[in-house]
K.L.:
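My questions all concern the structure below.
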Amino acid sequence: MKKGRIVFLVLLYVFLLLFTLVMEWLAIQEILVRAVVNLCTLGMTAVGAAVFTQVYKKGVSEEKEPNQLQELPQPVFDREIYLAFAKEKMLTRRETEIGLLAANGYSNQRIAEELFISETTVKKHLTHIYEKTGVQGRKGLKEICYRIPPY
């Protein structure tokens, strides 16, 4: 977009120069014709200045944005952290599997479909996970599995 505006600006000034040169070359003495050409020249100068200002402001703001707004690192799901946690809390293989899916945001229904078990079984396993680990619900499981990467 910036490149297109610069090309437009250059073309505008080329036409401005051509208008002025043609007027002088033809040695136009009629006041009305000279006034029209001068008004057109002034109009194109104003448009050119506006485009130049817009391009310049955009260039300055693009340069400052990365320094002003520093993005904070987003938490990243880390499966290894959860597996170590599950091992430490002595979760069974199935509880580990279900807890990992729950921490990834899977619903009970989706977990049941993925593992070919009933939703009631999923709920029972989640209850056991919460009891063994002392974690309060899915949010607690998610908090265990996410880490914040270094800057």
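Note that this is a predicted model, so its numbers are computed, not measured.
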K.L.:
Restricting to non-hydrogen atoms, name the atom on Leu141 and the atom on Ala102 that form the minimum distance, rounded to 0.1 Å.
P.N.:
CD1-CB, 4.1 Å
K.L.:
Measuring from atom CG of Leu83 to atom CG of Asp78, what distance do you get when rounded to the nearest 0.5 angstrom?
P.N.:
9.0 Å
K.L.:
Suppose we screen for side-chain hydrogen bond (donor to acceptor under 3.5 Å, both in side chains). Which residues come up paired with Glu119, at least two apart in sequence or across chains?
P.N.:
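Glu119 satisfies side-chain hydrogen bond (donor to acceptor under 3.5 Å, both in side chains) with no other residue.
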K.L.:
Would you be so kind as to tabulate the donor-acceptor pairs closer than 3.5 Å made by side chains of residues 121-128, with sequence neighbours excluded?
P.N.:
{"residue": "Thr121", "atom": "OG1", "partner": "Ser118", "partner atom": "OG", "Å": "2.9"}
{"residue": "Thr127", "atom": "OG1", "partner": "Lys123", "partner atom": "O", "Å": "2.9"}

K.L.:
For a side-chain contact (heavy atoms from CB on, under 4.5 Å) with Ile98, tell me which candidate from Asn108, Ile117, Thr92 qualifies.
P.N.:
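In the set Asn108, Ile117, Thr92, the residue that makes a side-chain contact (heavy atoms from CB on, under 4.5 Å) with Ile98 is Ile117.
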K.L.:
Could you tell me whether the side chain of Tyr130 reaches within less than 4.5 Å of the side chain of Arg138, counting heavy atoms only?
P.N.:
yes
K.L.:
Please enumerate all residues that pass salt bridge (Lys or Arg N to Asp or Glu O under 4.0 Å) together with Lys132, with sequence neighbours excluded.
P.N.:
Glu95
K.L.:
Is there a side-chain contact between Thr133 and Leu91 in this structure, where contact means two heavy atoms from C-beta onward sitting under 4.5 Å apart?
P.N.:
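Thr133 vs Leu91: side chains touch.
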K.L.:
Can you name the side chain to side chain contact (heavy atoms under 4.5 Å, CB included) partners of Arg110, sequence neighbours left out?
P.N.:
Tyr106, Ser107, Glu114
K.L.:
Rounded at 0.5 Å granularity, tell me how far CD1 in Ile129 sits from NZ in Lys89.
P.N.:
13.0 Å
K.L.:
Residues two or more places apart in sequence or in another chain: which of them pass side chain to side chain contact (heavy atoms under 4.5 Å, CB included) with Glu97?
P.N.:
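Glu97 satisfies side chain to side chain contact (heavy atoms under 4.5 Å, CB included) with Arg93, Arg94, Leu115 once adjacent residues are dropped.
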K.L.:
Looking at residues at least two apart in the chain, or sitting in another chain, which of them share a side-chain hydrogen bond (donor to acceptor under 3.5 Å, both in side chains) with Glu88?
P.N.:
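Applying side-chain hydrogen bond (donor to acceptor under 3.5 Å, both in side chains) to Glu88 gives none.
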